[in-house]
2 protein chains.
Amino acid sequence: MGGDFGADVVVPAALEFLKQDKETNLILVGREELLREKLGSHPFGDRLKIHHASETVSMDELPSRALRNKKDSSMRVAIDLVKSGEADACVSAGNTGALMATSRFVLKMLPNIDRPAIITALPSIQGQTYMLDLGANVDCTASHLFQFAVMGSEQVAAVAEISNPRIGLLNIGQEEIKGNEQVKGAHELLANSSLNYVGYVEGDDIYKGGTDVIVSDGFVGNIALKSSEGVAKMISHFMKEGFQRNLLTKLAGLIALPVLHGLRRRIDPRRYNGASLLGLKGIVVKSHGSADKLAFANAIAIAHKEVLADVPIRIAEQVKAHLEKREIA
Amino acid sequence: MGGDFGADVVVPAALEFLKQDKETNLILVGREELLREKLGSHPFGDRLKIHHASETVSMDELPSRALRNKKDSSMRVAIDLVKSGEADACVSAGNTGALMATSRFVLKMLPNIDRPAIITALPSIQGQTYMLDLGANVDCTASHLFQFAVMGSEQVAAVAEISNPRIGLLNIGQEEIKGNEQVKGAHELLANSSLNYVGYVEGDDIYKGGTDVIVSDGFVGNIALKSSEGVAKMISHFMKEGFQRNLLTKLAGLIALPVLHGLRRRIDPRRYNGASLLGLKGIVVKSHGSADKLAFANAIAIAHKEVLADVPIRIAEQVKAHLEKREIA
């Protein structure tokens with residue numbers, strides 16, 4: 001029910017996903033009557049069920065209030081289904097803070113993981129780069145950053161099918177003694193671990209490629225992500241303006257259209273939709289609130305991959321192994 | 001002598017600047033023989049002097065070593081000239097860390113300012129946005145961030161000729177309780193000051209316009225800047241690749257060229273070259289190491305505006321006034 005368009009996007013996205021995927025079953029959680037209406041008749045039989053939930057969490061609702069007062073919201077019920085094992089994963093386009101708080105409350109953290117982190121893929125010249133944390137944690141210790149690296153490594157191994165992903169630690173390169181204490185501490189932990197750690201990377205390395213997972217605290221990660229979106233939008237704005245100037249430039253725009261569309265496809269945010277909440281005893285994927293059908297279907301596909309790879313179990317095992325190795329050393 | 005091209009860029013840039021500006025005098029600091037050779041004959045008479053310095057600081061030299069060992073470097077001598085009053089400002093394309101350390105050591109900080117900060121202009125949909133700090137300070141208290149806001153406000157009033165610039169504080173908007181302690185503390189200080197504070201802004205607001213000065217710590221500011229550069233380069237890379245694909249796309253590229261050049265002009269980093277070191281008892285402007293003639297001339301023009309507006313004195317007065325007001329309140 002969440003996101004800017006609610007069932008108007010989620011229902012068609014579910015149908016789209018089931019068309020592509022032949023084995024997965026989906027449960028739509030929300031107001032039964034509304035969902036039945038949006039769904040109409042469909043050819044997927046038992047592969048698509050509806051689970052009623054009477055309430056919804058609004059996009060601007062305080063997470064603590066949603067958690068306390070909305071026990072029968074579509075978000076809460078969907079996460080409860082993961083907890084009870086009736087569902088293997090939850091995908092939501094709803095209120096990020098509420099999704100995070102409710103997931104953490106209902107599912108609990110994995111052992112040896114202090115905090116959940118948000119990860120997503122971003123385009124790069126060489127393909128894509130995954131980045132975490134994107135806003136769940138404003139202050140992080142070295143140990144938190146190390147946990148993010150372990151979680152990111154397992155997630156990317158599963159979702160992008162990269163064995164031994166290259167991990168970079170986001171830092172600045174300008175000054176004599178690079179970075180703050182947390183980043184320097186995380187650098188030590190990573191350099192002495194069995195992770196495929198490539199060292200410090202800078203902001204522009206996100207888009208250069210050469211790294212599969214970039215680790216930072218949530219404040220820095222969120223600012224990097226939003227700044228990037230801002231630049232892309234500004235360039236797109238100037239380009240549109242430029243091609244709209246007069247008849248001649250409009251004609252040029254028409255001729256350049258296939259190339260411009262190709263560019264748009266490569267950096268299309270819909271292709272990168274789906275931010276996973278890592279570190280929980282369960283799989284939760286956040287879709288962008290403004291996602292359309294294709295974008296939301298992509299978020300479902302990410303959750304599906306996490307289920308197949310048992311990402312939470314892999315993360316728990318890896319974190320434990322790293323801790324044990326450190327204790328021996 | 002600094003930067004990627006040394007005198008090959010600085011000398012032509014100086015001549016270019018003198019051509020545009022009719023009143024300013026320039027002093028070229030560096031190896032006299034080399035500078036004379038690059039300079040050749042010129043029509044500017046006494047407006048362009050050479051001041052000999054026997055050494056140079058290399059781009060990868062440790063700032064502490066440069067400071068200790070290179071007492072006759074072009075960088076050190078140029079800053080000494082500002083200290084002695086023989087020059088009103090220093091412009092350098094050299095090693096940022098060494099420039100910062102040497103400026104701070106020779107010129108000293110203004111009273112009531114704890115740390116220097118680096119500020120530069122960035123393009124926005126509505127014109128330009130200034131941002132500080134861009135990497136001088138990795139950890140900042142609320143009070144440091146407040147000082148940056150005061151310095152940024154005075155700098156932008158002087159350089160961009162905006163009276164009462166709008167100040168925004170860089171933050172993330174995702175979670176219930178926004179931001180970290182430092183940012184929340186700075187928010188309180190700014191909201192209770194006479195600065196034109198517009199509140200929290202997010203990463204994408206840098207490029208949207210609506211704010212004249214955006215304040216953050218140097219770690220976050222540097223990551224935002226570098227991430228933005230990375231995205232712009234990736235888009236440019238994909239665009240070039242797209243237009244190079246075949247004969248048809250090459251033709252389309254040729255036709256679209258005027259519009260693409262227009263876009264490039266609007267976001268041309270050369271137009272934004274020149275990052276000022278604020279908070280010092282003197283004016284120091286850092287040019288990008290890879291700056292060309294036009295870009296370096298732009299950095300000289302920024303220093304010139306700071307001189308005309310007496311930015312350091314204005315900053316000192318404003319910080320004092322804010323402190324006094326706070327003591328009364």
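Just so it is clear: chains get the letters A, B, ... in the order the sequence lines come, proteins before strands, and each one is counted from 1. Because the structure is predicted, anything quoted here is derived from the model rather than measured.
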* Looking only at heavy atoms, which of residues 208-221 of chain B get nearer than 4.5 Å to chain A? -> B:G218, B:F219, B:V220

* What part of B:V259 gets closer than 4.5 Å to chain A, counting heavy atoms only: side chain, backbone, both or neither? -> side chain

* To do: Kindly give the heavy-atom pair with the smallest separation between A:S228 and B:V231, and that separation in Å.
  => CB-CG2, 3.4 Å

* Contact listing (chain A partner; residues 233-243 of chain B; heavy atom under 4.5 Å) -> B:M234, B:I235, B:H237, B:F238, B:M239, B:E241, B:G242, B:F243

* When you look at B:I223 and A:I223, which way does the side chain to side chain contact (heavy atoms under 4.5 Å, CB included) test go after all the steps? -> CA-CA 8 Å; B:I223 299 281; A:I223 299 281; over 6 Å; no

* **Side chain / backbone / both / neither for A:D205 at chain B, heavy atoms under 4.5 Å** => neither

* **Structural part of B:L170 lying under 4.5 Å from a heavy atom of chain A** => both

* Structure fact -> When the 4.5 angstrom heavy-atom criterion is applied to B:D139 and chain A, the contacting part is side chain

* Straight-line distance of B:I172 CD1 to A:L134 CG, nearest 0.5 Å -> 9.5 Å

* Structure fact -> Residue set satisfying ring-ring contact (aromatic ring centres under 6.0 Å, His included) with A:Y272, at least two apart, ordered chain then number -> none

* **Residues from residues 122-131 of chain B approaching chain A under 4.5 Å (heavy atoms)** => B:P123, B:S124, B:I125

* Asked: Would one find more than 12 heavy atoms of other residues, nucleotides or ligands at under 6.0 Å from atom CG of A:L257?
  -> yes

* How far apart are the closest heavy atoms of B:S227 and A:I206, and which atoms are they? -> OG-CD1, 3.8 Å

* Asked: Who wins among B:G203, B:P258, B:A252 for the most heavy-atom pairs under 4.5 Å with chain A?
  -> B:G203

